2 protein chains.
Amino acid sequence: MKNIFAELPPGASLDEQFLELLARPGLRIERIVSTGQASPPGFWYEQAQGEWILLLQGEALLRFADQPLAQQLKAGDYVDIAPLRRHRVEWTMPGRETIWLAVHYEAAALPV
Amino acid sequence: MKNIFAELPPGASLDEQFLELLARPGLRIERIVSTGQASPPGFWYEQAQGEWILLLQGEALLRFADQPLAQQLKAGDYVDIAPLRRHRVEWTMPGRETIWLAVHYEAAALPV
């Protein structure tokens, strides 16, 4: 048994920290710790796998390419990101840890 | 987008509440809200699927049949329960909501 709030990166981290919590065929659960990072300007994630995310701590702005405005996420908010749906992290709160739980899962059938 | 701490059952609930958050082939994510319930005496879960759990709020005692003592879970604790590993919930905190995130996943190969 481990705790998801333990072993956080040092406060001055320049990069997001990715920690794999579980890896099984077609499934990967990871913790992501952001400390003010955002996706690079103009960059969009476009992943073949689905991704279910739960914000555990902190605040973030999540933007989908098919929506005009970013969504503000706070602790407890969860959202499913379908395979190939373009998205980016516009902002995370500077000066404290924003902790995400991400469940990456294999899509049964991908759209062409 | 939804919040996992929203729409909790009324405080006087007799039963645990199960809420499906995501269902995909081989994967099911659910929220479980306990309000003092425990597994019935002598009852053991023995599931064909794997189950990764994260305690989001509250406290619980989780017992594995292959261990002499129960593990105390508090907020942020997570544990993977392998397929067919017998376990039970010995106790959850009465008088408040204990909130579990459970990721049920299909095992690639089951032990015989």
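What's counted below: heavy atoms across the whole structure, side chains too, no hydrogens, waters or symmetry copies. Protein chains get the first letters and strands the later ones, always in sequence-line order, with residue 1 at the start of each. Treat the numbers as computed from the prediction; the structure is a model and nothing was measured.
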(message) Test of understanding: clusters of I, L, V, M, F, W, Y form through side-chain heavy atoms closer than 4.5 Å, transitively. Do A:M93 and A:L8 belong to the same one?
(response) no

(message) If we define contacts as heavy-atom pairs under 4.5 Å, which of A:L27, A:V79, A:L22 has the most with chain B?
(response) A:L22

(message) Report, in residue-number order, which members of residues 70-78 of chain B are under 4.5 Å from chain A by heavy-atom distance.
(response) B:Q71, B:Q72, B:L73, B:K74, B:A75, B:G76, B:D77, B:Y78

(message) If hydrophobic clusters are built from ILVMFWY residues whose side chains come within less than 4.5 Å, do A:V89 and A:L84 share one?
(response) no

(request) Kindly work out whether a path of hydrophobic side-chain contacts (I/L/V/M/F/W/Y, heavy atoms less than 4.5 Å apart) joins A:W100 to B:M1. (result) yes

(message) Using every non-hydrogen atom in the two residues, find where B:Q17 and B:P9 come nearest and quote the distance to one decimal.
(response) OE1-CD, 3.7 Å

(message) Please enumerate all residues that pass side chain to side chain donor-acceptor pair (under 3.5 Å) together with A:E46, with sequence neighbours excluded.
(response) none

(request) Check side chain to side chain contact (heavy atoms under 4.5 Å, CB included) between A:E30 and all other residues, then give those that pass, not counting sequence neighbours. (result) A:F18, A:R28, A:I32, A:A102, A:H104

(message) Which residues in residues 51-62 of chain B have any heavy atom closer than 4.5 Å to a heavy atom of chain A?
(response) B:W52, B:L54, B:L56

(request) Identify whether B:W91 and B:I99 are in the same connected component of the hydrophobic contact network (ILVMFWY, side-chain heavy atoms under 4.5 Å). (result) no

(message) Show the nearest heavy-atom pair for residues B:Q37 and B:T92, with the distance to one decimal.
(response) O-OG1, 2.7 Å

(message) Using 0.5 Å steps for rounding, measure from the OH atom of A:Y45 to the CZ atom of A:R63.
(response) 15.5 Å

(request) In plain terms, say whether B:D66 and B:R85 are close enough for a salt bridge, that is, a side-chain N and a carboxylate O under 4.0 Å apart. (result) yes

